[in-house]
Amino acid sequence: MYGRDPWGGPLEIHTADSATDDDRSRNLQDFDRAAMSRSLDETQQSWLLGPTEQKKKKYVDLGCIIVSRKIFKWTVGCIIAAALLTGFITMIVKLVPRHKHHNPPPDNYTLALRKALMFFNAQKSGKLPKHNNVSWRGNSCLQDGKSDDSTMFKNLVGGYYDAGDAIKFNFPQSFALTMLSWSVIEYSAKYEAAGELAHVKDTIKWGTDYLLKTFNSSADTIDRIAAQVGKGDTSGGATDPNDHYCWVRPEDIDYARPVTECHGCSDLAAEMAAALASASIVFKDSKAYSQKLVHGARTLFKFSRDQRGRYSVGNEAENFYNSTGYWDEFIWGAAWLYYATGNSSYLQLATTPGIAKHAGAFWGGPDYGVLSWDNKLTGAQVLLSRMRLFLSPGYPYEEILRTFHNQTSIIMCSYLPIFTSFNRTKGGLIQLNHGRPQPLQYVVNAAFLATLFSDYLAAADTPGWYCGPNFYSTDVLRKFAETQIDYILGKNPRKMSYVVGFGNHYPKHVHHRGASIPKNKVKYNCKGGWKYRDSSKANPNTIVGAMVAGPDKHDGFRDVRSNYNYTEPTLAGNAGLVAALVALSGDRDVGIDKNTLFSAVPPMFPTPPPPPAPWKP
């Protein structure tokens, strides 16, 4: 049989070769056994058996990374466990009662500092600010200047009363302001820590605002200064009403208050210049006011150099605040003006050997090394030693600055108990005024200078200084200052604090008119207050922070109002106390501010010229 192949070829089917169905079935079984006799791979099995169940994946695809399923489970579990633990710990911390950590209580020096500054609030004259915080004081002497037809200064309201009376002496008042400004410049961080920086700056400004009224501060050249307001001369049995004969509250003064002018007063003018110049550094952030102070200081210092003379000659100040010379004020005022302006002419004057000689820098004497409202030489020596320690100006200043530095070292040696320059009471108080009355005002100044110089040395990485062949640590100086201030605050044979309001045992009969007369809406006349002056009762008003004149050379003290040599406080004395207290207060590691005093001082050496241009062939 023939058939046709669809692909074009003949298809021949042989009938004889055809098989039955059984034969074909048998043949297929033989093919199956032959195929099963060898193993098939997965692909081949899938052809034969179709899709099978896939194995469980061992990895987790996180999109950006593929990780093992086991690691993924452990990681998630650890995160959940950590979150639970953190929450548990946070809950415990919040539930457990906590003890608040308070700052340590202020030390005695800080506590006394806050009180000592309050004394200046009680001494303010004029229209008082609302925040004065002395309840028994009010506005007073609002006609100062106007009531004296002989003076050209018609507005002399303000300033500070000097002591227990109502006289305004510019000479000691200016020294007090200079000391306060110096302490702020060096220890502003400590004032800030005590919370008293704004207070002390207000105190200084109250005084400098007044000083600017006592001369023509807008002029470049002047011919006079108002040196004093009020009168206190009672010599010869004079009975005319004045600030010493009468015993009345300043608020009740109705008698004439004359103005004392001076036309040749180098000492007063140079001290006023020092006060304004130092204050200009304190207020350097108030540019307009600082420049006003600097201009006034320049004018005053020029006047002091042009019209020579001592301010106290021929007037009653000779009986109260007599000046022994003006050469020390020349050095003192010039040094402060140099720091305030950077003008080297002032430094040249301050370092002139002839002026230092006239000031007594080379001959010593019983009062050598004693800083006071009268003699500023020791303060100037310390102030200029600072420049040598930190700036090293070199020629032509090095020789005289080295001399001042050596003299300062000798003065610091004289304060130590192992030397005999000054005696001490049995209670340990140094007798810088050699047993004369009112010793504390000199002691506090020495304590300030000793602490300050020790801080200078520490800031210069110098552990001490030499007294002859022996080396002494700066700790010795600080210890001297601490023992003297501790004596004043109550560690003395009488267990009495000589700062009113500090401690439990302090003078109650302070020689002070305003504190001794009650504020009871009764106006007492000139003699009407004598009964309070002579009363044995304690003062009705506490003049907080007032440091009284102090004990005698035997540690004795009489708390009697009529004896001013024991119980009268002064501006100059309290300014030194404030300076010493702030220097000793707070953290000892907080030293001086090295840079503020030099803020106006230019580089001591000229700027080197620029390098030459590179050579070109």
Side-chain angles (χ1 to χ4, degrees), residues 112-113 115-126 128 132 134 137 140-141 144 156 158-184 199-211 214 226-230 232 243-244 250 267-268 271-272 274-276 278-279 311-312 317 320-323 371-376 379 438-445 448 488 498-500 510-515 543-550 564-565 567-582:
L113 170 66
K115 294 182 181 296
L117 282 169
M118 286 299 298
F119 170 74
F120 292 91
N121 294 38
Q123 295 300 104
K124 285 181 178 178
S125 176
L128 301 185
N132 198 50
V134 180
R137 281 301 323 279
S140 61
C141 296
D144 280 355
L156 295 176
Y160 291 97
Y161 301 127
D162 173 65
D165 50 33
I167 302 178
K168 294 188 286 195
F169 291 105
N170 279 14
F171 194 49
Q173 181 175 174
S174 297
F175 172 71
L177 294 172
T178 308
M179 290 293 287
L180 289 176
S181 292
W182 193 4
S183 71
V184 172
H199 186 183
V200 70
K201 290 175 75 172
D202 285 345
T203 300
I204 294 168
K205 190 174 185 299
W206 187 270
T208 53
D209 284 349
Y210 170 73
L211 290 184
T214 61
Q228 175 183 327
V229 178
D243 293 291
H244 280 180
D267 38 18
L268 172 59
E271 180 55 63
M272 290 172 63
L276 297 186
S278 58
Y311 93 100
S312 55
F320 306 116
Y321 285 103
N322 182 45
S323 173
L371 175 62
S372 70
W373 52 263
D374 177 32
N375 195 332
K376 289 87 180 189
Q438 307 175 30
L440 296 188
Q441 59 181 309
Y442 310 102
V443 173
V444 291
N445 290 340
F448 170 63
I488 294 171
Y498 293 111
V499 177
V500 176
V510 180
H511 182 93
H512 192 275
R513 286 161 175 76
I543 182 165
V544 174
M547 183 185 74
V548 296
Y564 58 85
N565 281 328
T567 58
E568 187 171 24
T570 64
L571 284 178
N574 253 73
L577 174 66
V578 166
L581 288 171
V582 74

**Request:** Please examine the side chains of Asn121 and Arg137, heavy atoms only from C-beta on, and report whether any two atoms are closer than 4.5 Å.
**Result:** no
**Criterion side chain to side chain donor-acceptor pair (under 3.5 Å) on Tyr161 and Ser140, from CA distance to verdict** = CA-CA 11 Å; Tyr161 301 127; Ser140 61; 2.6 Å; yes
**Asked** Checking Asn574 side chain against Gly545 main chain: does a donor-acceptor pair fall under 3.5 Å?
**Response** yes
**Prompt:** Do Phe120 and Trp206 make the cut of ring centroids closer than 6.0 angstrom?
**Reply:** no
**Prompt:** Quick one: does Gln173's side chain have a donor or acceptor within less than 3.5 Å of a partner on Tyr160's backbone?
**Reply:** yes
**Item:** Flag, side chain of Ser181 to backbone of Thr178, donor-acceptor distance under 3.5 Å
**Value:** no
**Prompt:** So how far is it from Ser125 OG to Leu156 CG, rounded to the nearest 0.5 Å?
**Reply:** 10.0 Å
**Prompt:** Between Trp373 and Tyr321, what is the ring plane arrangement, given parallel below 30°, perpendicular above 60°, and tilted in between?
**Reply:** perpendicular
**Prompt:** Measuring from Asp374:CG to Asp267:CG, what's the distance to the nearest 0.5 Å?
**Reply:** 8.5 Å
**Prompt:** Taking only residues two or more places apart in sequence, or in another chain, which ones meet Asp202 in a salt bridge (charged side-chain N to carboxylate O under 4.0 Å, His left out)?
**Reply:** none
**Request:** Provide the closest heavy-atom pair for Ala275 versus Ser174 in the form atom of the first, atom of the second, distance.
**Result:** CB-O, 3.5 Å
**Asked** What residues form a side-chain hydrogen bond (donor to acceptor under 3.5 Å, both in side chains) with Asn445, not counting sequence neighbours?
**Response** none
**Complete:** Here the pair of heavy atoms bringing Ala116 nearest to Leu581 is CB-CD1, 4.1 Å
**Message:** Is the shortest side-chain heavy-atom distance between Phe448 and Leu577 below 4.5 Å?
**Reply:** no
**Whether Ser312 side chain and Ser323 backbone form a donor-acceptor pair below 3.5 Å** = yes
**Prompt:** Taking the six-membered ring where the residue is Trp, are the ring centres of His244 and Phe320 under 6.0 Å apart?
**Reply:** yes
**Flag, side chain of Gln441 to backbone of Ala549, donor-acceptor distance under 3.5 Å** = no
**Asked** Short question: side chain of Asp162, backbone of Ile167 - any donor-acceptor pair under 3.5 Å?
**Response** no
**Request:** Please name all residues satisfying salt bridge (charged side-chain N to carboxylate O under 4.0 Å, His left out) with Lys168, sequence neighbours left out, ordered by chain then number.
**Result:** Asp144
**Prompt:** Is there a side-chain contact between His512 and Gln123, using heavy atoms and a 4.5 Å cut-off?
**Reply:** yes
**Message:** Main chain of Thr570, side chain of Glu568: is a donor-acceptor contact present, judged purely on distance under 3.5 Å?
**Reply:** no
**Met272 vs Thr214 side-chain heavy atoms within contact, under 4.5 Å** = yes
**Asked** Nearest heavy-atom pair of Pro569 and Ala546: which atoms, and what distance?
**Response** CB-CB, 3.8 Å
**Message:** How long is the straight-line distance from CD of Gln228 back to CZ of Phe169, given to the nearest 0.5 Å?
**Reply:** 4.5 Å
**Request:** For residues Tyr564 and Gln438, determine if any side-chain heavy atom of one lies less than 4.5 Å from a side-chain heavy atom of the other.
**Result:** yes
**Message:** Run Met179 and Leu371 through side chain to side chain contact (heavy atoms under 4.5 Å, CB included) and show every step you take.
**Reply:** CA-CA 11 Å; Met179 290 293 287; Leu371 175 62; 4.0 Å; yes
